[in-house]
Amino acid sequence: MTRLRILAIALLLIIIQTNFITHASVRPSQPTHYFYCPTAYVNPPFHFVGSLHEISYSLPPALQFHMSLLDNVGRINFGARYGFKDNLSVGAGMAWSFVDYTWDGGHGIRRWYNPRLGLFLSYGFTRTENFEANITPHAQIGDNFSIGADFALMGTPSVYWSIIFEAGFSFDITEGEPYINFDGGFRIHPPKIPFLNFDFGIDLVETSLSHYSPGVAAFFDVVFTMITN
């Protein structure tokens, strides 16, 4: 299944879901990812997020289960994370990919590797009403062992939209190869439908520094959030 088909199917399902719930009372939550980077905070208990990059549900006291169908968040595709503070969380899970996509990269999860254990720590060093930024050290352990860190920031100059930028570095110790990646774009959050967010951006797909020739891909996500209890 191509990436375009996945996006089309996901968008259709979200549109159908949105049409169904617009007549109901939906209490919105918030995404706990930027594009590929996790936020430092987790959602309160019984909050649900559904998108191509984050399908998550939170349980008391601060445990959030997470799955990423397309690529990854925090360089893991399935796992959980725990929030110690509003600006600190740790996560662990499977580092791989559920989709056999045709483009290169994968932000530290090359598709030709076997599944690995992924670990990350997300620390938010600033968070205000209009700006937040964090750093996420990470490691993947398995047939290949890699370490690195990702940096993310989001500025919100308007109630209608935010701007997101991310930069990542990963060093594959097994290969002895460094990798970097960059991405950025916009998150649209219409006030009249606060349970939906729309992400649009450009992704310079992760590539090695020794053979630097990054592929360029479009980033797209539709994020549905709600409080379930």
Side-chain angles (χ1 to χ4, degrees), residues 6 9-95 98 117-124 126-134 136 138 150 152 154 156 159-162 164 187-199 220-229:
I6 295 171
I9 292 172
L11 182 58
L12 178 61
L13 291 175
I14 291 172
I15 291 173
I16 293 172
Q17 183 183 47
T18 303
N19 288 333
F20 175 76
I21 63 177
T22 48
H23 299 290
S25 177
V26 177
R27 293 176 296 160
S29 179
Q30 62 182 342
T32 54
H33 72 286
Y34 300 106
F35 279 4
Y36 296 102
C37 294
T39 61
Y41 49 86
V42 302
N43 275 335
F46 311 116
H47 285 224
F48 170 79
V49 178
S51 78
L52 294 172
H53 285 80
E54 177 186 357
I55 301 175
S56 68
Y57 193 73
S58 302
L59 295 173
L63 180 65
Q64 181 170 301
F65 291 94
H66 161 260
M67 180 169 62
S68 183
L69 294 176
L70 190 60
D71 220 307
N72 66 87
V73 168
R75 307 209 180 214
I76 67 173
N77 294 83
F78 180 76
R81 59 176 167 142
Y82 188 86
F84 290 95
K85 299 179 179 180
D86 288 342
N87 68 335
L88 180 66
S89 62
V90 295
M94 182 186 72
F98 290 117
L117 171 65
L119 306 168
F120 70 81
L121 181 149
S122 186
Y123 172 69
T126 182
R127 185 186 182 193
T128 67
E129 183 178 351
N130 300 315
F131 182 79
E132 57 188 80
N134 76 354
T136 304
H138 54 77
D150 298 327
M154 183 171 73
T156 306
V159 295
Y160 296 98
W161 60 279
S162 301
I164 293 173
R187 172 166 293 167
I188 310 300
H189 30 82
K192 290 187 177 181
I193 45 174
F195 49 82
L196 282 182
N197 295 266
F198 304 89
D199 293 349
F220 173 75
D221 205 0
V222 179
V223 189
F224 169 76
T225 69
M226 69 177 298
I227 302 172
T228 64
N229 68 330

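What you see is a predicted model; the values in this text were computed from it and never measured.
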Any Ser51 side-chain heavy atom under 4.5 Å of His33 side chain: yes

Atom pair OG (Ser68) and CZ (Arg75), whose distance is rounded to the nearest 0.5 Å: 13.0 Å

Heavy-atom pair of closest approach, residues Ile227 and Pro28: CD1-O, 3.7 Å

Distance, nearest 0.5 Å, that separates CG of Leu88 from CG of Leu121: 5.0 Å

Met154 and Thr39: CA distance, side-chain angles, deciding distance, side chain to side chain contact (heavy atoms under 4.5 Å, CB included) verdict: CA-CA 10 Å; Met154 183 171 73; Thr39 61; over 6 Å; no

Distance in Å, Ser29 OG paired with Phe46 CZ, rounded so as to fall on 0.5 Å steps: 13.0 Å

Residue pair Cys37 / Ala152: nearest heavy atoms and the distance that separates them: CB-CB, 3.7 Å

Rounded distance [0.5 Å steps], CD in Glu54 versus CG in Leu69: 11.5 Å

Donor on one side chain, acceptor on other, Arg81 and Thr32, under 3.5 Å: yes

Reported CH2-to-OG1 distance for the pair Trp161 and Thr156, which is rounded to 0.5 angstrom: 9.0 Å

Ring pair (Phe, Tyr, Trp, His ring centres under 6.0 Å) contacts touching residues 64-88 (sequence neighbours left out): Tyr82-Phe84

Atom of Ser89, atom of Ala40 and distance for their closest heavy-atom approach: OG-O, 3.1 Å

Minimum-distance pair of heavy atoms, taken over all atoms of Val223 and Pro31: CG1-CG, 3.8 Å

Pair Asn43, Ser58: side-chain N/O donor-acceptor within cut-off below 3.5 Å: no

Short side-chain to backbone donor-acceptor contact, Asp221 and Leu52, under 3.5 Å: yes

Test item: Asn77 side-chain N/O and Asp71 main-chain N/O as donor-acceptor pair under 3.5 Å: yes

Sidechain-backbone polar pair: His189 side chain, Val159 backbone, donor-acceptor under 3.5 Å: yes

Non-neighbouring partners of Phe35 that pass ring-ring contact (aromatic ring centres under 6.0 Å, His included), sequence neighbours left out: Phe219

Given Glu132, Arg187, His53, the one that forms side chain to side chain donor-acceptor pair (under 3.5 Å) with Tyr34: Glu132

Considering all heavy atoms, the nearest Ser122-Pro38 contact: OG-O, 3.5 Å

Trace of the side chain to side chain contact (heavy atoms under 4.5 Å, CB included) decision for Phe48 with Ile55: CA-CA 8 Å; Phe48 170 79; Ile55 301 175; 4.3 Å; yes

Distance, nearest 0.5 Å, that separates OG1 of Thr126 from CG of Asn134: 10.5 Å

Intermediate values then yes/no, side chain to side chain contact (heavy atoms under 4.5 Å, CB included), Asp150 and Phe120: CA-CA 10 Å; Asp150 298 327; Phe120 70 81; over 6 Å; no

Non-hydrogen atoms of Ala92 and Leu119 that approach each other most closely: CB-CD2, 3.6 Å

Greater than 12 external heavy atoms within 6.0 Å of Tyr160's OH: no

Criterion side chain to side chain contact (heavy atoms under 4.5 Å, CB included) on Val222 and Phe198, from CA distance to verdict: CA-CA 5 Å; Val222 179; Phe198 304 89; 3.9 Å; yes

